[in-house]
J.: 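Before I ask anything, let me first share the structure, which is written out below as structure tokens.
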Number of protein chains: 2
Amino acid sequence: MASKPLYRQVADTLRSEIAEGRFAPGAKLPSEREMIERFGAARGTVRAGLNVLITEGLISPGQGRGYQVQRHEVFTLDASSHENLLFSQREDGDSFSSEVKQAGRDPKQEFRVEVVEAPPEVSERLGIASGAPAVLRFCRRFVDDTPWSTQATHYPQWLVDSCPRLSSPGDIAEGTTRYLADQGVVQIGFHDEWSTRMPTPDEASQLQIGPGIPVLVWSRTGYTSEKPVRRTVTIFRGDLNRVTYDLGDLSAMQDEEGTVK
Amino acid sequence: MASKPLYRQVADTLRSEIAEGRFAPGAKLPSEREMIERFGAARGTVRAGLNVLITEGLISPGQGRGYQVQRHEVFTLDASSHENLLFSQREDGDSFSSEVKQAGRDPKQEFRVEVVEAPPEVSERLGIASGAPAVLRFCRRFVDDTPWSTQATHYPQWLVDSCPRLSSPGDIAEGTTRYLADQGVVQIGFHDEWSTRMPTPDEASQLQIGPGIPVLVWSRTGYTSEKPVRRTVTIFRGDLNRVTYDLGDLSAMQDEEGTVK
DNA sequence: AAGTGGTCTAGACCACGTA
DNA sequence: ACGTGGTCTAGACCACTTC
């Protein structure tokens, strides 16, 4: 009989107890010392089992606090209408703030602006020389004081020359997309790329996420009718975010309550 | 001085050596016993450091084989044109096979068909009663014999009545979307949802992924002009896949070589 | 002060892959 | 057969949180 390793039995037992609701989201698990008794295993073995659940994103440890079952309150972003000037929706400031406020939550943002040499991946997308100057607007976003996402947008230098507020430190109240449009730079097309991976140590500390939580990476290139004007890379906490796109004719789509319109 | 824990120093040292290319993708790392000498640490400590890199998706261990630097050959899926009948592109069979072949790789698929009670999440999307019968077409996909994604599509019973091949076991050669269209069920709108998370143990074994690799979850609801007709949930290996959407007018977009069209 | 997880050691034996 | 990682033990001391 190929019996499972002890540490896996520990993980499997706890995982199913969590799934059954024996330990609710936010609840505390028994301490390691208690589990040592319960499973008759050494501390290292119990910790190996707990580690499996940590890397699955199911629990999070806290020194002196014990292990807690992770809670997930997912925020949904509609990427197909996000920032879309074509539909001339009324927005209160930038897209992030207005969408978060509309969900009844509290948005916060930290800004930083630098002039940098465009990294290769950016310069290629923006059609400028590698190492050419670009303005980087970086921003870290919070929802209800929880770190939510980071966003880094590169603008080519030629654009900054005609839209100088891009290089001013601090927020652009009406939103950069709106500001650019007011300057005659209207974005009418987007190319989006999505991928997922585990965070780098730097991202993990910026977003305050521990092991077991992946990030969603969103790269959007914005185009006017003539050329690309910006490259935005947004990194989301994977456990708190979901994205939607609507394609084609959705007149037959149900509303949120599941009833047909 | 808050000096970092030893196991973190091990992880950080190896991570930067990998980033510098000192260990190329696919290359073997020194053995644990060698690292014990190099770092002057106990085996458990070295293993803790290696574990960090495993959960970051950077290396993968193999009993008897040693540790290898992960290789990533990313496949890009264009979700905004995927399955889109409106543009009447010519497809050789189903969308997956044709796209993989077009990339010069070798697609394989395993099929399974069942009649099930629709789970709540599906019945809500399809506008049918919870627990109502539905046909589940499940499929596991491979690229060059590497497990790539799993896909589960639910069709409501009323649709199967008029399109009986949906419940036949095995592949539908021309692709189910095409088959449905030929039967007069033309999908003209999609609602897509994307999220990421760590795989369940079941998903991890289906996709042959170890710790440190997240999955991308894609849920697509397909609509005719009248109502929803299917709900497809696709689960991708996060390390091998990337998704793109094109929105609006992209006539100004560069081609792949970075030159303007 | 007491209890929690965090780090670390020094062993042991097993299971797998390669040669 | 040998070297690799996989599992497991039984301790020790530290750092943090809670009371």
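Chain identifiers are assigned alphabetically (A, B, ...) following the order of the sequence lines, protein sequences preceding nucleic acid strands; residue numbering begins at 1 within each chain.
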J.: Please figure out whether B:Gly40 or A:Tyr67 has its closest DNA chain C nucleotide nearer the 5' end.
T.: A:Tyr67
J.: Does the distance from a Lys or Arg side-chain N to an Asp or Glu carboxylate O, for A:Glu114 and A:Arg112, drop under 4.0 Å?
T.: yes
J.: Between A:Leu6 and A:Arg33, which residue's closest nucleotide on DNA chain D lies nearer the 5′ terminus?
T.: A:Leu6
J.: Look at atom CD of B:Glu121 and say whether more than 12 heavy atoms of other residues, nucleotides or ligands are closer to it than 6.0 Å.
T.: yes
J.: Please check the phosphate of C:dT4 (OP1 and OP2 only) for any side-chain N or O of A:Ser31 closer than 4.0 Å.
T.: yes
J.: Hey, does the side chain of B:Arg220 reach the backbone of B:Ala79 with a donor-acceptor pair shorter than 3.5 angstrom?
T.: yes
J.: Using whole Å, report how far CZ of B:Arg43 lies from P of C:dC14.
T.: 14 Å
J.: Classify the angle between the aromatic ring planes of A:Trp218 and A:Trp194 as parallel (below 30°), tilted (30 to 60°) or perpendicular (above 60°).
T.: parallel
J.: Taking CD from A:Gln68 and P from C:dT4, how many angstroms apart are they, rounded to a whole number?
T.: 15 Å
J.: Could you tell me the boundaries of the chain A footprint on DNA chain D, defined by atoms under 4.0 Å from its heavy atoms?
T.: D:dT7 to D:dT18
J.: With the threshold set at 4.0 Å, does a side-chain nitrogen-carboxylate oxygen contact exist between B:Glu99 and B:Arg141?
T.: no
J.: Identify whether the distance between the nearest side-chain nitrogen and carboxylate oxygen of B:Glu32 and B:Arg38 falls below 4.0 Å.
T.: no
J.: Verify, without hydrogens or angle tests, whether B:Arg137 (side chain) and B:Leu166 (backbone) share a donor-acceptor contact under 3.5 angstrom.
T.: yes
J.: Rounded to the nearest 0.5 Å, how far apart are CG of A:Asn241 and OG of A:Ser149?
T.: 7.0 Å
J.: Expressed in angstrom and rounded to an integer, what is the separation of A:Ile54 atom CD1 from C:dT4 atom C1'?
T.: 14 Å
J.: Mind running a 4.0 Å heavy-atom check of residues 57-66 of chain A against DNA chain C and sending the residues that fall below it, in number order?
T.: A:Pro61, A:Gly62, A:Gln63, A:Gly64, A:Gly66
J.: Between B:Arg197 and A:Asp239, is there a side-chain N and carboxylate O pair less than 4.0 Å apart?
T.: no
J.: Got a salt bridge between A:Arg15 and A:Glu56, using NZ or NE/NH1/NH2 to carboxylate O under 4.0 Å?
T.: yes
J.: What's B:Ala41 touching, base or sugar-phosphate or nothing? Going by heavy atoms closer than 4.0 Å.
T.: sugar-phosphate
J.: Rounded to whole Å, please give me the gap between CD in A:Glu37 and P in C:dG3.
T.: 14 Å
J.: Check the distance between C:dG3's P and A:Glu34's CD and give it to me in whole angstrom.
T.: 11 Å
J.: Please list, in numerical order, the residues of residues 198-209 of chain B that have a heavy atom closer than 4.0 Å to any atom of DNA chain C.
T.: none
J.: With a 3.5 Å distance limit and no angle check, can you tell me whether B:Gln9 reaches the backbone of B:Lys4 through a side-chain donor-acceptor pair?
T.: yes
